[in-house]
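Here's the structure, in structure tokens; my notes come after.
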2 protein chains.
Amino acid sequence: MAEKPEEKQRQRAPSQRSLETRKRIFDSAEQVFAERGYEGASIRDIARLAGVQGALVHHHGGGKEELFFAVIARRADELAQLRLDALDVMKARAEPTLREVLACFIVPFFDKVLHAGPGWSAYGRLIAHVSSDERWRHIAETCFDPTAKVFLDEIHKVLPQASGEKIGTHFVFMVSSMLSICTSRWRIEGLSTGHTDADLIETLLAFCQAGFETAVSQAVCGDKGCRMGLG
Amino acid sequence: MAEKPEEKQRQRAPSQRSLETRKRIFDSAEQVFAERGYEGASIRDIARLAGVQGALVHHHGGGKEELFFAVIARRADELAQLRLDALDVMKARAEPTLREVLACFIVPFFDKVLHAGPGWSAYGRLIAHVSSDERWRHIAETCFDPTAKVFLDEIHKVLPQASGEKIGTHFVFMVSSMLSICTSRWRIEGLSTGHTDADLIETLLAFCQAGFETAVSQAVCGDKGCRMGLG
DNA sequence: GTCTATAATGAGATAGAC
DNA sequence: GTCTATCTCATTATAGAC
């Protein structure tokens with residue numbers, strides 16, 4: 001009875017080979033989707049990169065759109081857990097600062113995207129696609145929003161004077177800047193030069209922290225009298 | 001002889017009707033490219049929206065890629081001029097502040113994108129596509145970089161202590177945040193609520209100004225002792 | 001689970017009449 | 001300059017043999 005033979009239409013557990021094929025297909029899909037975007041990617045290219053026939057991609061992926069979602073969800077879950085774990089560790093020590101909260105969101109992301117191989121590197125560009133196209137709203141809501149909401153609350157605790165609207169807007173700015181490191185590094189290199197990964201992340205963190213701190217008042221460095229509007 | 005009949009292969013000036021058709025095609029292309037991205041857009045859809053035959057799109061646009069470029073260049077030139085004009089006006093009055101320099105970059109953009117009709121609104125999403133895909137590097141270099149370089153220099157004048165690398169990186173963060181208002185407004189609304197256009201731009205400006213000011217030293221608000229790293 | 005073969009559709013591009 | 005008609009190719013998806 002170890003196999004529950006009465007379970008309705010359940011096939012038996014997938015073979016080792018099947019699992020490996022499936023992983024190859026998902027990994028290939030990840031690369032191709034990241035490089036060319038959803039529309040630009042073709043099932044054929046994914047199949048070729050995986051070394052299988054196109055029909056197998058359908059069998060394991062269940063259609064292009066379903067495959068796209070599955071590829072993202074796979075890593076989104078893992079990353080969400082890492083972020084929440086980092087936050088828990090931080091909160092266990094003391095009341096976290098704004099910078100610490102932001103770091104719990106940003107650092108696990110780059111730990112993976114920059115240093116955990118081509119799959120994670122592709123994932124970074126992938127979620128940049130998702131975040132900038134309302135077509136993928138359901139993916140964002142399913143995969144990203146639960147974690148985002150936790151961090152929004154946490155930021156609100158550190159900046160109680162700030163309005164929820166400002167914090168939400170700043171959060172989107174932060175995510176955009178973060179993802180720009182994945183999608184627009186060529187622009188960064190084009191406009192300036194010579195960055196180490198660690199530099200970039202520190203720069204991002206400082207930039208976003210200072211930005212968030214403006215949510216508290218309109219003039220965080222107001223003494224300098226540098227707040228004239230335009231026109 | 002009013003027509004210079006000897007000019008090598010020059011046709012006569014395009015008719016009024018031709019110019020209107022061309023404009024309809026470009027406007028339609030702008031909408032379709034903005035909504036679906038380059039790969040997702042089809043010449044057929046552009047033709048249908050313009051109310052012409054597909055062959056005409058080729059005739060006026062000269063192929064999909066050429067059309068894409070032309071559609072962007074059309075408005076990029078105008079916007080670049082507006083930004084540089086704003087900067088000139090500002091500099092004529094006094095040595096501009098950081099906020100004023102950034103405003104000269106940001107405000108003309110949103111004046112157009114938010115308040116100058118659907119064409120400009122599409123343009124905002126369009127350049128977000130371009131900025132996040134290295135495939136369009138040549139468009140970015142041709143249409144955006146000259147103006148960007150002017151502003152980078154101007155920012156450097158206001159923040160002479162900051163390194164060029166940091167300013168370049170911050171500039172990319174700023175552009176990403178700016179474009180996120182075009183592409184990710186649905187995310188902003190999803191995570192918070194109730195923004196007027198003016199609010200958003202003011203929030204963006206304050207966010208970026210504070211971010212740029214961190215380029216001067218690692219700890220712009222350092223007295224608060226809020227700079228602990230993560231881990 | 002895997003593969004071959006193919007269906008069904010839509011893409012970008014162009015030749016040539018008007 | 002515009003349109004009809006068509007070429008050629010790539011796309012997703014599926015049916016069915018093994």
Side-chain angles (χ1 to χ4, degrees), chain A residues 3 7 9-72 129 135-136, chain B residues 3 5 7 9-72 129 135-136 139:
Chain A
E3 294 240 330
E7 196 162 353
Q9 292 295 60
R10 262 279 173 274
Q11 302 93 337
R12 68 169 176 280
S15 70
Q16 183 67 21
R17 172 139 181 261
S18 170
L19 287 175
E20 283 165 4
T21 302
R22 162 174 293 243
K23 182 173 182 328
R24 275 211 319 283
I25 289 171
F26 275 50
D27 289 346
S28 303
E30 193 166 51
Q31 293 299 321
V32 177
F33 281 134
E35 271 166 37
R36 310 229 265 268
Y38 178 80
E39 313 280 358
S42 84
I43 300 281
R44 290 160 123 81
D45 289 339
I46 293 168
R48 194 176 316 129
L49 185 59
V52 301
Q53 295 310 108
L56 260 195
V57 177
H58 277 90
H59 180 70
H60 287 282
K64 193 178 180 183
E65 197 155 333
E66 197 176 331
L67 178 60
F68 187 67
F69 180 94
V71 160
I72 292 166
H129 289 308
R135 166 163 184 189
W136 307 119
Chain B
E3 293 241 332
E7 195 163 355
Q9 292 295 60
R10 261 282 173 271
Q11 302 93 335
R12 69 169 176 281
S15 70
Q16 184 66 23
R17 171 137 181 264
S18 169
L19 286 175
E20 283 166 4
T21 302
R22 164 175 291 245
K23 182 172 181 327
R24 273 212 320 284
I25 289 171
F26 276 49
D27 289 346
S28 303
E30 194 167 50
Q31 292 298 321
V32 177
F33 280 134
E35 270 167 36
R36 310 231 265 267
Y38 178 79
E39 314 279 358
S42 83
I43 299 282
R44 293 161 125 82
D45 288 339
I46 292 168
R48 194 175 316 129
L49 184 60
V52 301
Q53 296 310 109
L56 260 195
V57 176
H58 277 90
H59 184 267
H60 287 283
K64 192 178 181 182
E65 198 156 334
E66 197 177 329
L67 177 60
F68 187 67
F69 181 94
V71 160
I72 292 166
H129 289 308
R135 166 163 185 189
W136 306 118
I139 298 185

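Every chain is numbered from 1 and lettered A, B, ... according to where its sequence line falls, protein lines coming before strand lines.
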Exercise. Parallel, tilted or perpendicular: which describes the rings of Tyr38(A) and Phe33(A), with under 30° parallel and over 60° perpendicular?
Worked result: parallel

Problem set entry | Integer-rounded Å distance: dC3(C) C1' and His60(A) NE2 | 12 Å

Exercise. Between Lys64(A) (NZ) and dT11(D) (P), how many Å, whole number?
Worked result: 9 Å

Exercise. Is there a side-chain polar atom (N or O) of Thr21(A) under 4.0 Å from OP1 or OP2 of dT2(C)?
Worked result: yes

For this session: Answer with base, sugar-phosphate or nothing: what part of the nucleic acid does Gly63(B) contact at a heavy-atom distance below 4.0 Å?
Result: sugar-phosphate

Problem set entry | Arg48(B) side, atom CZ; Gln53(B) side, atom CD - distance, nearest 0.5 Å | 11.0 Å

Problem set entry | Side-chain N or O of Ser42(A) closer than 4.0 Å to phosphate OP1/OP2 of dA10(D) | no

Problem set entry | 5′-ward residue of the pair Ala55(B)/Ser18(B) relative to DNA chain D | Ser18(B)

Exercise. Any side-chain N or O of Ser15(B) under 4.0 Å from OP1/OP2 of dG1(D)?
Worked result: no

Problem set entry | Glu39(B) CD - dG10(C) C1' separation (whole Å) | 15 Å

Exercise. Contact class for His59(B) (heavy atom, under 4.0 Å): base, sugar-phosphate, or nothing?
Worked result: base

For this session: Rounded to the nearest angstrom, tell me the gap between atom NE2 in His58(B) and atom P in dT6(D).
Result: 18 Å

Exercise. Atom CG of Leu19(B) to atom C1' of dT2(D): distance rounded to whole Å?
Worked result: 15 Å

Exercise. Does Arg44(B) get its side chain close enough to the base of dG12(C), under 3.5 Å, for a donor-acceptor pair?
Worked result: yes

For this session: Measure from CD on Gln53(A) to P on dT11(D) and round the result to the nearest Å.
Result: 15 Å

Exercise. Under 4.0 angstrom, heavy atoms only, what part of the nucleic acid is Ala41(A) near: base, sugar-phosphate, or nothing?
Worked result: sugar-phosphate

Exercise. Which value, rounded to the nearest 0.5 Å, describes the distance between Leu67(A) atom CG and Ile72(A) atom CD1?
Worked result: 9.5 Å

For this session: Please round to the nearest 0.5 Å and tell me the distance separating atom CD1 of Ile25(A) and atom NE2 of His59(A).
Result: 8.5 Å

Problem set entry | Leu56(B) CG - dC3(D) P separation (whole Å) | 5 Å

Seminar exercise, completed: Interatomic distance, CZ@Arg135(A) vs NE2@His129(A), rounded to 0.5 Å, equals 12.5 Å

For this session: Measure from CZ on Arg36(B) to P on dG12(C) and round the result to the nearest Å.
Result: 11 Å

